[in-house]
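Structure first, then comments.
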Amino acid sequence: MSLPKVMILGTGGTVAGTGVSSHETSYTSGQLTVSKLIESLPGIETVADLQCEQVVNIGSQDMGEEIWFKLAARINELLAQDDIDGIVITHGTDTMEETAWFLNLVVKSSKPVVLTGAMRPATALGADGPANMFAGVVVAADKASHGRGVMVVMNDKVHDARDVTKLSTTAVDTFCSPNFGVLGHVHNGTVDYQRSPQRKHTTFSKFDLKGIDHLPRVGIVYAHASGSSDVVDALVDAEFDGIVHAGLGNGNIHHEVLSGLTDARLKGVQVVRSSRAQVGATTEDAEVDDDRYEFIASGSLNAQKARILLQLGLTRTQDYRELREMFRSY
Ligand code: ASP
């Protein structure tokens with residue numbers, strides 16, 4: 001029987017990073033090529049038939065829209081081929097959740113797409129990259145992974161792109177799905193699923209990058225005690241199309257910031273209320289009357305993911321009610 005065919009797309013990150021010492025934190029991301037990385041996966045030849053391509057080789061702090069468009073186009077092209085069964089993307093952990101969420105909304109295939117990486121560079125003692133890549137290939141090669149949207153596989157856990165977030169700056173077990181828990185686990189070279197994502201993704205998503213070469217501009221304003229509307233005003237002056245407010249608690253807003261956001265909305269800038277709290281949903285019409293201000297509540301999307309959904313939403317409509325519906329269904 002022939003093995004599943006998995007393509008590994010390299011983008012860099014700590015998984016491809018090297019340092020001068022095996023135990024100190026100083027290193028540089030994106031130094032090794034993905035073809036070099038797959039040499040450290042003993043036994044992978046029994047799991048999948050691998051091919052690889054280098055898309056970029058960067059620290060994911062430099063990840064952005066231009067590379068996302070390139071990645072999405074290549075993934076859609078590859079997954080349309082009969083001889084590709086799944087894709088693994090090696091990626092830095094800093095913005096992995098954002099790339100995963102973006103792809104979850106624009107990939108047009110039910111075949112598995114998995115992002116993985118490492119917290120320790122390839123030259124470190126106990127480097128976690130090889131085990132994560134191995135587990136990523138296991139997930140991408142498994143038929144049971146079809147139709148689950150884009151996933152992040154780290155530390156033997158399989159996360160939904162929508163919920164996953166990086167929690168710790170340095171811990172190996174940094175990724176968690178704080179609201180709904182993991183989709184499954186990888187044990188003994190197989191994946192054990194416990195649940196499926198319920199919101200729209202991939203083949204059910206109406207977002208399409210065809211004919212688009214950039215996204216609307218959406219900024220994030222991080223809330224704190226003693227608020228002022230200066231940052232909001234600066235985004236409006238710079239002609240941003242939307243603002244996500246990473247608010248206090250259940251998306252609450254200091255009264256001075258509220259007045260800035262109200263003005264922004266009157267000038268046509270879309271406003272999403274999210275939270276700087278990492279767990280729980282920003283619910284509609286709690287302490288802030290969203291209908292009155294025409295604000296949108298982010299639900300259980302964190303601010304960085306709400307930003308991406310608003311960007312994609314704004315490629316289709318300027319109507320806040322339609323955008324609000326998107327936040328209810330994606
Ligand atoms: N700065 C690195 C990156 O995101 C961190 C990592 O990969 O863990 O590329």
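All figures in this text were calculated on a predicted structure; none of them were measured in a lab. Computed over heavy atoms, backbone and side chain alike; hydrogens, waters and symmetry mates excluded.
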Less than 4.5 Å apart, any side-chain heavy atom of [X] and any of [Y]?
X    : Y    : value
H146 : P112 : yes
S60  : T93  : no
V150 : H201 : no
P121 : T14  : yes
V153 : V138 : no
V232 : H245 : no

Okay, side chain of [X], backbone of [Y]: is any donor-acceptor separation there less than 3.5 Å?
X    : Y    : value
S274 : L301 : yes
S275 : G249 : yes
K267 : D237 : no
S177 : V182 : no
R265 : F295 : no
Q270 : G268 : no
T11  : T90  : yes
R74  : E53  : no

> According to a 4.5 Å side-chain heavy-atom criterion applied to Ile, Leu, Val, Met, Phe, Trp and Tyr, with indirect links allowed, do L78 and V113 form part of one hydrophobic cluster?
Replying inline: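 Result: yes, single cluster for both.
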
>> Is there a path of hydrophobic side-chain contacts, each under 4.5 Å between heavy atoms, that joins I75 and V88?
In response: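 Per the 4.5 Å side-chain linkage, I75 and V88 are not co-clustered.
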
[X] versus [Y], closest heavy-atom pair with distance:
X    : Y    : value
T202 : S109 : CB-O, 3.5 Å
Y330 : W101 : C-CH2, 4.0 Å
F327 : L310 : CZ-N, 3.9 Å

When rounded to the nearest 0.5 angstrom, what is the spacing between [atom1] in [X] and [atom2] in [Y]?
X    : Y    : atom1 : atom2 : answer
M63  : I58  : CE    : CD1   : 4.0 Å
N155 : H185 : CG    : NE2   : 9.5 Å
K166 : M96  : NZ    : CE    : 8.5 Å
E325 : T317 : CD    : OG1   : 11.5 Å
I253 : E287 : CD1   : CD    : 10.5 Å
T174 : D94  : OG1   : CG    : 9.0 Å

Lys/Arg N to Asp/Glu carboxylate O, [X] vs [Y], below 4.0 Å:
X    : Y    : answer
D160 : R162 : no
D163 : R199 : no
R328 : E284 : yes

> Taking atom CD of E65 as the centre, does the number of heavy atoms from other residues, nucleotides or ligands within less than 6.0 Å exceed 12?
Replying inline: yes

> Take atom CD in E45; do more than 12 heavy atoms of anything else shown fall under 6.0 Å from it?
Replying inline: yes

>> I want to check a possible cation-pi pair here: R148 against Y193, using under 6.0 Å from ring centre and within 45° of the ring axis as the test.
In response: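 Ring-cation test returns yes.
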
>> Which residue is it: D285, D319, D291, D290? I am looking for the one with a salt bridge (Lys or Arg N to Asp or Glu O under 4.0 Å) to R324.
In response: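 Looking at D285, D319, D291, D290, the match for R324 under the salt bridge (Lys or Arg N to Asp or Glu O under 4.0 Å) is D291.
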
>> Against F207, only a single residue in I212, N104, V107, L105 fulfils side chain to side chain contact (heavy atoms under 4.5 Å, CB included); can you say which?
In response: L105

> With no hydrogens and no angle check, do the side chains of S228 and E256 hold a donor and an acceptor under 3.5 Å apart?
Replying inline: no

>> Side chains of D49 and S2 only: does a donor on one sit below 3.5 Å from an acceptor on the other?
In response: no

